[in-house]
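These notes are about the structure you will find just below.
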Number of protein chains: 2
Amino acid sequence: MSRPTVHDVARVANVSLSTVDRVLNGRDGVRQATQQRVRAAMKQLGYERDIMAANLSRKRVYRIHFAIPDGPNSFMRNLAAELDSHARLALRDRTEISVSLVPPFDGRALAADLRRAREQAVDGVVMVATESAEVRQAVSDLRGAGIQVVTLISDLSASARGHFVGIDNVSAGRTAAGLLGRFCQGRPGRIAIIAGSMLVRDHVERRLGFEQVMHAEFPDLQLLPPVEGGDEAARVDELLTNVLQDCRDIVGIYSLGGGNRGLRAALDRAKSSPRPLVVVHELTDQSRAALQDGVFDAVLQQDIHKEVASALIIMRNLIEAVPVDPRTGIIHTEIFLRDNLP
Amino acid sequence: MSRPTVHDVARVANVSLSTVDRVLNGRDGVRQATQQRVRAAMKQLGYERDIMAANLSRKRVYRIHFAIPDGPNSFMRNLAAELDSHARLALRDRTEISVSLVPPFDGRALAADLRRAREQAVDGVVMVATESAEVRQAVSDLRGAGIQVVTLISDLSASARGHFVGIDNVSAGRTAAGLLGRFCQGRPGRIAIIAGSMLVRDHVERRLGFEQVMHAEFPDLQLLPPVEGGDEAARVDELLTNVLQDCRDIVGIYSLGGGNRGLRAALDRAKSSPRPLVVVHELTDQSRAALQDGVFDAVLQQDIHKEVASALIIMRNLIEAVPVDPRTGIIHTEIFLRDNLP
DNA sequence: ATGAAAGCGCTAACAA
DNA sequence: TTGTTAGCGCTTTCAT
């Protein structure tokens, strides 16, 4: 009739509740023979543990730590704000969220924070990864301590992380190229690429995907080597201004990192004609305005709200040892034109 | 220290557990004065009821009914499959899902199914809406019986539905126009529009958005009146073949409903040169192949998995009377080019 | 109008 | 190695 309980299992297996519990939770002190009987009973009845009841009884609280980059980057600021708002709601689900802001592009700083999280004995850590040996070591230590690890937005290569939540950055780069190439149609010339840092995997992957498609499908367009603006507006402005002065035949720009305020400033100052077609990442007040003004042509975006929500769901499943639906972590890259701004 | 419980409230208010419970659940049989005291205690302690514990004790099961269109349309078939897979997992969360397939574009049939759901006294109904007076009446009856209603994919206008889960279809139409217009760049000519039926709101809205942007931004392109193919491949093939014969200057096609197998067949047969640019909805085996073969140029998509997941989350919140985050229901329209196929 | 006590499914301290 | 018992926070008879 209704779902079988531990009582049913105990009765069928002819043992007490505690014995069922011991088997259920893999605690020792149960004879092999008895274990068999209990397991058989569970299978026979199709028993599935009621996690809510279990959590109630053990007064369990999930403690999840987020390590995200600090700095003026408005994308990361939004992320921090998002976490704050989730923190309140999550309490209802017995989930306690802590957040620490670590210096960006700094593997040592991130590793140090992960070490701290391990000492606090949290249940899981979610982080925006920076590639570095220290970080990989710290992650491996976390896993060793039975702490779940999820990477968010920027992944860690070949690491022992449990899951990644974010967009497919190679695909995002390819999308940018597909759009930019089609928008530039026919017009030959050069394409400038602006990155934040090649130390973070998301930027590396976007560049890779972009170049793949550009080379294969739009051979008339010649790619300049990427410049690294550290996601900072001032630096991006300076670098791009130089580029625009050096090359008068730039027909397209792909900005795959932050600092787009600087990008726009440089464009406004240069007043090229015809203006270059521009594809950037992350919808902010700046990029939205630029889209409306016809200075940017497309903005690729990842929905931070969904990313945080997915990360939390995955974390819970990981901690509860429930199988994780791989689709949960996949966030589609959203594309905004001036026509479909929300 | 840890979250206050009913016991704490009872102690502070100087009443018994049952009295606290009565106030908490709005049951009568409590003097005004006592109610005040209890409420004051709750406020003072910052009490928030533990829903999991509550559900455990009342052995509550959420019963949610889905009413979705039947038919050969592969998009709706995917939806049905998605629901099946969710049905198993949802059991873990004390949620029981029932599904019924109703004839498409048929308001009476849908209304009849809704009536049946009401008699079954389910907790909530999720439906892909068809516009009709009967349906609006049935929805209003459901709400009257305290049953939550969520529309999925296609909304109901000015109805008493609790929430809508799906993409912004006006915006999707605008996106299609933005892309098609830019892809056609310069080339003047006519644009064909293929719809399923103007009885469903999503199609109406897509058309609206498409025409808005086309008129405003691409006045060189002239729009043909939409043809209605009922989301059936054979019908779409036939209609489009006629259109292509009548007008030799078709530069673009927007298919905003189903039956894209027929669209492709007609295009393959017509062999126009240069081939028209094509934007369609829903990524299926057919449309994916057409994208790869360079017959379609962009596919707009809604992620059914996420839509079902969101609908379930919203339903639970609605039933538990927890405030619903409006962002939960908003599903972004995904855009696929040949370059970013998953 | 109010309260005492048993129980939801699971866990944990303590006996045996 | 196994079992008994008392909760977790909330709801629900059944008394008073």
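Every chain is numbered from 1, with letters handed out A, B, ... down the list of sequences.
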Notebook entry, point to check: Is the CZ atom of A:R108 crowded by more than 12 outside heavy atoms at less than 6.0 Å?
Noted result: no

Note to self: Are more than 12 heavy atoms, taken from residues, nucleotides or ligands other than B:R94, located less than 6.0 Å from that residue's CZ atom?
What the structure shows: yes

Next item on the list: Please determine, for the side chain of A:T34, which listed nucleotide (C:dT2, C:dT11, D:dT2) has the closest atom?
Entry: D:dT2

Using a cut-off of strictly less than 4.0 Å, decide whether [X] has a side-chain nitrogen or oxygen near OP1 or OP2 of [N].
X     : N      : value
B:N55 : D:dC10 : no
A:S16 : D:dG3  : yes
B:R3  : D:dC8  : no
B:R49 : D:dT11 : yes
A:S18 : C:dA12 : no
A:R31 : D:dT2  : yes
A:R27 : C:dA12 : yes

To the nearest angstrom, how far is [X] atom [atom1] from [N] atom [atom2]?
X     : N      : atom1 : atom2 : value
A:E48 : C:dG9  : CD    : C1'   : 14 Å
B:L56 : D:dT12 : CG    : C1'   : 13 Å
A:D50 : D:dG9  : CG    : C1'   : 14 Å
B:M42 : D:dC10 : CE    : P     : 11 Å
B:R58 : C:dA6  : CZ    : P     : 22 Å
B:I51 : D:dC8  : CD1   : C1'   : 17 Å
B:K59 : C:dC10 : NZ    : C1'   : 14 Å
B:N25 : C:dT2  : CG    : P     : 16 Å

Next item on the list: Pick base, sugar-phosphate or nothing for A:L24, based on heavy-atom distances below 4.0 Å to the nucleic acid.
Entry: sugar-phosphate

Check: When we call it a touch if two heavy atoms are under 4.0 Å apart, what does B:D21 touch: a base, just sugar-phosphate, or nothing?
Finding: base

Check: Quick one: on DNA chain C, does B:S57 or B:V15 contact a more 5' nucleotide (nearest heavy atom)?
Finding: B:V15

Next item on the list: Could you check B:L312, B:L89, B:V122 and say which one makes a side chain to side chain contact (heavy atoms under 4.5 Å, CB included) with B:I97?
Entry: B:L312

Next item on the list: Go through the steps to decide whether B:N55 and B:Y62 satisfy the test side-chain hydrogen bond (donor to acceptor under 3.5 Å, both in side chains), and finish with yes or no.
Entry: CA-CA 10 Å; B:N55 284 346; B:Y62 297 118; 3.2 Å; yes

Margin query: With hydrogens left out and only the distance checked, is there a donor-acceptor pair under 3.5 Å joining B:R22's side chain and the base of C:dG3?
Written below: yes

Margin query: If you define the side chain from C-beta out and look only at heavy atoms, does anything of B:Q301 sit under 4.5 Å from B:I331?
Written below: no

